[in-house]
Amino acid sequence: MFRNSDALSATARNPLFQHVFSDEARLGSLLDSQRHRFDRLLDGARAFERFDWQTGDPVDSRHYEVTLSRMGPDIADRCLVTLLDRTAELRTERSLRREMMTDSLTGLPNRAGFADLLDERALSEAGGRFAVLGLNLDRFSRVNACMGGIVGDELLISVARRLKGALRAGDVLARTGGDEFAILMRLDDGPADAMRVAGRIESALSTPFRLSDFDIRVACSIGIAMGDMGDGDGETLIRYAQFAVKRSKKTGSTEIYAPSAFDVVRTEFSIETALRRAIDHGGLTLAFQPICDLATGRIRSFEALARWSDDEGRPISPADFIPVAEESGLIVPLGRWAIDEAVRQIAEWDSTLGRDAGVNVAVNLSAIQIHRDEVVPLVGQALSQHGVQGNRLTIELTESAIITDPDRAIDTLDGLKSLGASLAMDDFGTGYSNLAYLQRLPIDTLKIDRSFITDMLTDRDKVAIVRAILSLAQTLNMTTTAEGIENREVEQTLAALGCTMGQGYYYSRPLPPADALSFLRSRNN
């Protein structure tokens with residue numbers, strides 16, 4: 001290429017350049033738009049310069065990699081121009097990227113594409129005047145299971161269309177998971193804008209979908225994350241919105257992400273991690289709270305309660321780690337350990353005394369374990385391994401363990417009874433009391449929840465409830481245990497009403513195994 005205009009015109013008439021450029025105007029475009037590069041190369045000491053160049057309109061543009069090379073010291077005012085056409089390569093790359101960023105079923109952006117859009121919006125939108133709205137379809141898996149994947153896909157496409165119709169101009173809808181959608185929306189009026197859009201979405205989905213001769217109703221859980229919460233990271237905002245969706249499933253209403261709630265979840269996650277390690281490495285213990293006969297004052301049994309301290313010896317409350325164990329599924333291995341440890345402790349007490357200790361031990365069995373685990377073989381193996389009779393073990397369960405799957409629960413309880421174990425209904429009166437099932441169940445004891453025992457002497461309603469439970473137990477030939485006894489007056493009142501046994505701080509707090517044995521000796525001798 002020559003620096004003077006005559007040389008440029010001569011170059012444009014070169015057959016090689018005419019093959020690359022359809023007309024002289026394109027060559028002129030290159031020369032005009034990039035003249036500073038030519039001048040810089042020819043005036044400087046560099047041997048070559050390489051850059052990308054695009055020509056044509058955006059719809060049908062051409063893309064070149066351009067290299068300028070000095071011709072040599074004897075031709076100081078000229079350079080060689082080499083053009084590599086990369087149009088096909090870049091079009092293929094963009095097509096593949098578009099496919100990677102798009103949900104193939106609905107044609108909406110997928111999670112990766114949505115995160116890119118969020119990153120762009122965070123960079124261009126000062127003050128974070130936008131929000132991410134996460135949406136999860138409730139019970140969508142039941143549609144797939146009952147009607148098949150094809151109908152499920154049709155439903156997702158129909159939901160996507162209806163959601164788009166509920167949005168405003170400029171709002172972006174994406175499908176971020178199987179039954180999960182997300183919306184990027186601008187905020188003109190702060191969180192109120194997001195809540196109004198959430199309301200329109202709920203209204204749009206309230207009309208049933210007609211698919212395969214079925215009217216399918218779709219409900220959803222909605223969570224919102226504000227744009228100023230993600231520190232410019234789109235993926236973080238999506239996670240915050242999904243966390244708010246999870247809270248929405250529990251509360252039944254649209255939730256806006258709150259950092260304080262996320263801190264609680266983070267704490268729960270750290271508890272889950274540490275609890276898993278404690279279960280695997282024997283970091284838990286059992287404490288034993290006595291259950292006393294109200295007529296004689298003698299200890300009839302102990303309730304085994306899980307206790308856990310962290311690596312620094314600080315105790316972690318069961319109120320903190322038991323709910324985490326239930327939500328994470330760790331309640332199953334925790335329950336297995338508790339059953340085996342309780343039976344082992346019975347055998348150890350008998351061995352220490354050289355005789356039957358004269359008490360049994362009650363172990364709590366969660367609803368999750370009843371429905372996920374093979375409880376009867378587990379208990380049978382523990383009894384056999386430690387040489388303990390089944391009548392030394394009491395299994396305590398709540399009403400929720402029954403109503404979730406009554407048939408399976410009844411089979412499990414019948415199996416436990418066949419091993420000789422006794423059964424107690426814990427926290428009776430606080431849940432859904434189905435008397436028809438209660439009559440069918442092989443329950444031996446009703447445990448009256450502490451909420452009815454606390455302050456019962458000053459509350460006539462509580463006394464009436466306790467009296468009704470005691471009457472029901474007598475009719476069904478069951479014994480009763482009152483939880484939460486904290487003074488002698490309550491104990492005497494319960495005994496007068498006909499309650500069989502009592503448990504609470506009036507007798508003792510939960511004790512380590514050795515202290516529990518000493519307490520048993522002093523109380524029963």
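Between the side chain of D310 and the backbone N or O of R314 there is at least one donor-acceptor pair closer than 3.5 Å. Using modelled atom types, no side-chain atom of T480 and backbone atom of C499 make a donor-acceptor pair closer than 3.5 Å. Here the side chain of R247 pairs no donor or acceptor atom with the backbone of Y257 at under 3.5 angstrom. With S248 contributing its side chain and A244 its backbone, the two residues share no donor-acceptor pair below 3.5 Å. Checked by atom type and distance alone, the side chain of R129 pairs as donor or acceptor with a backbone atom of L187 at under 3.5 Å. A distance-only check finds no donor-acceptor pair linking the side chain of S471 to the backbone of A468 [under 3.5 Å]. Judged by distance alone, the side chain of D444 and the main-chain N or O of L423 form a donor-acceptor pair under 3.5 Å.
In this structure T493 satisfies the side-chain hydrogen bond (donor to acceptor under 3.5 Å, both in side chains) test with no other residue, sequence neighbours excluded. The side-chain hydrogen bond (donor to acceptor under 3.5 Å, both in side chains) test applied to E396 returns K447, not counting sequence neighbours.
Summarising the geometry, atom CZ belonging to R523 is positioned 10.5 Å from atom CG belonging to D293; distances are rounded to the nearest 0.5 Å.
Applying the side-chain hydrogen bond (donor to acceptor under 3.5 Å, both in side chains) rule to pairs touching residues 450-465 yields D449-S451, sequence neighbours excluded.
No donor-acceptor contact under 3.5 angstrom links the side chains of D427 and T398, judged on distance only.
Between F302 and W349, the angle of the ring planes lies from 30° to 60°, which puts this pair in the tilted group.
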